[in-house]
Amino acid sequence: MSSGQEKTDVILIGAGVMSATLGTLLKELVPEWEIKVFEKLGSPGEESSNEWNNAGTGHAALCELNYTPENPDGSVDISKAIGVNEQFQLSRQFWTFLVNKGIIKDPSEFIMPLPHMSMVQGEENIAF
Ligand SMILES: Cc1cc2nc3c(=O)[nH]c(=O)nc-3n(C[C@H](O)[C@H](O)[C@H](O)COP(=O)(O)OP(=O)(O)OC[C@H]3O[C@@H](n4cnc5c(N)ncnc54)[C@H](O)[C@@H]3O)c2cc1C
């Protein structure tokens, strides 16, 4: 008698950018693995990963002011910005790999470089 259970190697819950990225990485590393993605909504990328629910920036960390807090002595701690920027460069390397392999066909449909901009109020913040 069948238990009704199917065997698979990987189950990803949710079809957002995290499952898309992890699934793509796993498919590159172990192509023979069977991967199943379960999404409760009607189509992929409808929650946080939908660009209308998300500022949509790649977080290069060049203008997120909360990544560069000012210390009591007036110096600025940029360690978080550097860490996040390094992660962003890794993402760019991964996307370049996918473009070179033809997995992303037209990168301009996927990523669009924009100038970085921060909006602040008040003289102190503008000076910062
Ligand atoms: C307002 C806002 C602004 C943001 N701005 C930025 C930004 O500028 N730059 C940036 O890099 N990041 C930004 N983020 C963060 C970024 O959007 C998220 O970190 C990223 O999209 C998360 O991806 P995810 O795949 O983990 O989640 P999601 O895209 O939310 O995917 C999770 C999926 O799982 C599904 N799901 C949940 N439970 C189940 C279940 N039990 N069974 C089946 N499916 C299920 C959901 O329906 C959803 O589709 C922002 C997020 C928000 C909300």
Side-chain angles (χ1 to χ4, degrees):
M1 197 166 85
S2 161
S3 67
Q5 291 179 347
E6 287 175 47
K7 190 185 168 306
T8 190
D9 297 299
V10 178
I11 292 176
L12 300 173
I13 306 295
V17 72
M18 285 308 299
S19 288
T21 303
L22 180 58
T24 307
L25 277 169
L26 288 174
K27 212 62 199 167
E28 286 301 311
L29 293 170
V30 206
E32 65 277 15
W33 273 5
E34 190 181 282
I35 302 174
K36 281 203 169 76
V37 182
F38 290 88
E39 170 54 56
K40 67 179 178 178
L41 298 178
S43 53
E46 290 296 322
E47 275 288 326
S48 298
S49 302
N50 183 300
E51 67 269 31
W52 291 104
N53 300 336
N54 173 323
T57 65
H59 272 329
L62 301 180
C63 68
E64 277 86 5
L65 297 178
N66 53 329
Y67 291 175
T68 51
E70 192 169 357
N71 295 319
D73 67 1
S75 62
V76 176
D77 179 2
I78 62 167
S79 53
K80 181 163 183 187
I82 290 174
V84 174
N85 189 273
E86 282 169 351
Q87 291 175 340
F88 183 60
Q89 302 312 324
L90 283 177
S91 299
R92 294 175 74 189
Q93 284 179 14
F94 181 53
W95 299 330
T96 303
F97 168 80
L98 296 178
V99 170
N100 288 339
K101 276 201 91 174
I103 295 171
I104 294 177
K105 302 281 180 233
D106 179 2
S108 68
E109 285 187 355
F110 172 72
I111 185 163
M112 184 189 300
L114 292 170
H116 286 233
M117 209 187 303
S118 292
M119 303 288 282
V120 295
Q121 293 181 40
E123 275 177 34
E124 240 180 75
N125 288 331
I126 291 168
F128 180 83

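Quick caveat: nothing in here was measured; it's all calculated off a predicted structure.
The environment of CD1 in I78 is sparse: at most 12 heavy-atom neighbours from other residues, nucleotides or ligands sit within 6.0 Å. The environment of CD in E34 is crowded: more than 12 heavy-atom neighbours from other residues, nucleotides or ligands sit within 6.0 Å. Within a 6.0 Å radius of CD in Q121, other residues, nucleotides and ligands contribute 12 heavy atoms or fewer.
Grouped with L62 in a hydrophobic cluster is no other residue, since no side-chain heavy-atom contact under 4.5 Å to another Ile, Leu, Val, Met, Phe, Trp or Tyr is found. I13 belongs to a hydrophobic cluster with I11, F38, counting contacts under 4.5 Å between side-chain heavy atoms of Ile, Leu, Val, Met, Phe, Trp and Tyr, direct or through other members.
When all heavy atoms of G14 and V37 are compared, the pair lying nearest together is O-CG1, 3.8 Å. Counting all heavy atoms, side chain and backbone alike, M117 lies closest to C63 at O-SG, 3.5 Å.
Here the side chain of N85 pairs no donor or acceptor atom with the backbone of A81 at under 3.5 angstrom. When atom types are taken as modelled, the side chain of D106 and the backbone of S108 share a donor-acceptor pair closer than 3.5 angstrom. Between the side chain of D77 and the backbone N or O of N71, no donor-acceptor pair lies under 3.5 Å.
Note that CZ of F94 is 5.0 Å distant from OG1 of T24, once rounded to the nearest 0.5 Å. Residue I111 holds its CD1 atom at 6.5 Å from CZ of R92, rounded to the nearest 0.5 Å. To the nearest 0.5 Å, atoms CD1 (I103) and CG (L98) are separated by 5.0 Å.
Here salt bridge (Lys or Arg N to Asp or Glu O under 4.0 Å) pairs that include residues 22-32, with residues two or more places apart or in two chains, are E28-K101. Applying the side-chain hydrogen bond (donor to acceptor under 3.5 Å, both in side chains) rule to pairs touching residues 60-70 yields H59-E64, sequence neighbours excluded.
Linking Ile, Leu, Val, Met, Phe, Trp and Tyr whenever their side-chain heavy atoms come within less than 4.5 Å puts V120 and F128 in one cluster. A chain of hydrophobic side-chain contacts below 4.5 Å, direct or via other Ile, Leu, Val, Met, Phe, Trp or Tyr residues, connects I104 to F88. Grouping the Ile, Leu, Val, Met, Phe, Trp and Tyr side chains by contacts below 4.5 angstrom, directly or via other members, places V99 with L25. Hydrophobic cluster membership is shared by V76 and I126, with clusters built from Ile, Leu, Val, Met, Phe, Trp and Tyr side chains linked at under 4.5 angstrom.
The salt bridge (Lys or Arg N to Asp or Glu O under 4.0 Å) test applied to K7 returns D9, not counting sequence neighbours. Under the side-chain hydrogen bond (donor to acceptor under 3.5 Å, both in side chains) criterion, E47 pairs with no residue at all, not counting sequence neighbours.
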For this session: In sequence, state the C-alpha distance, the side-chain angles, and the governing distance for E46 and S43, and then conclude on side-chain hydrogen bond (donor to acceptor under 3.5 Å, both in side chains).
Result: CA-CA 7 Å; E46 290 296 322; S43 53; 3.2 Å; yes
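Looking at heavy atoms from C-beta onward, L90 lies out of side-chain contact with E86 at the 4.5 angstrom threshold. Using a 4.5 Å heavy-atom threshold, the side chains of S118 and L65 count as touching. Side chains of E6 and K36 form a contact here, defined as non-hydrogen atoms less than 4.5 Å apart. I35 is listed as a side-chain neighbour of L12, based on a closest heavy-atom distance under 4.5 Å.
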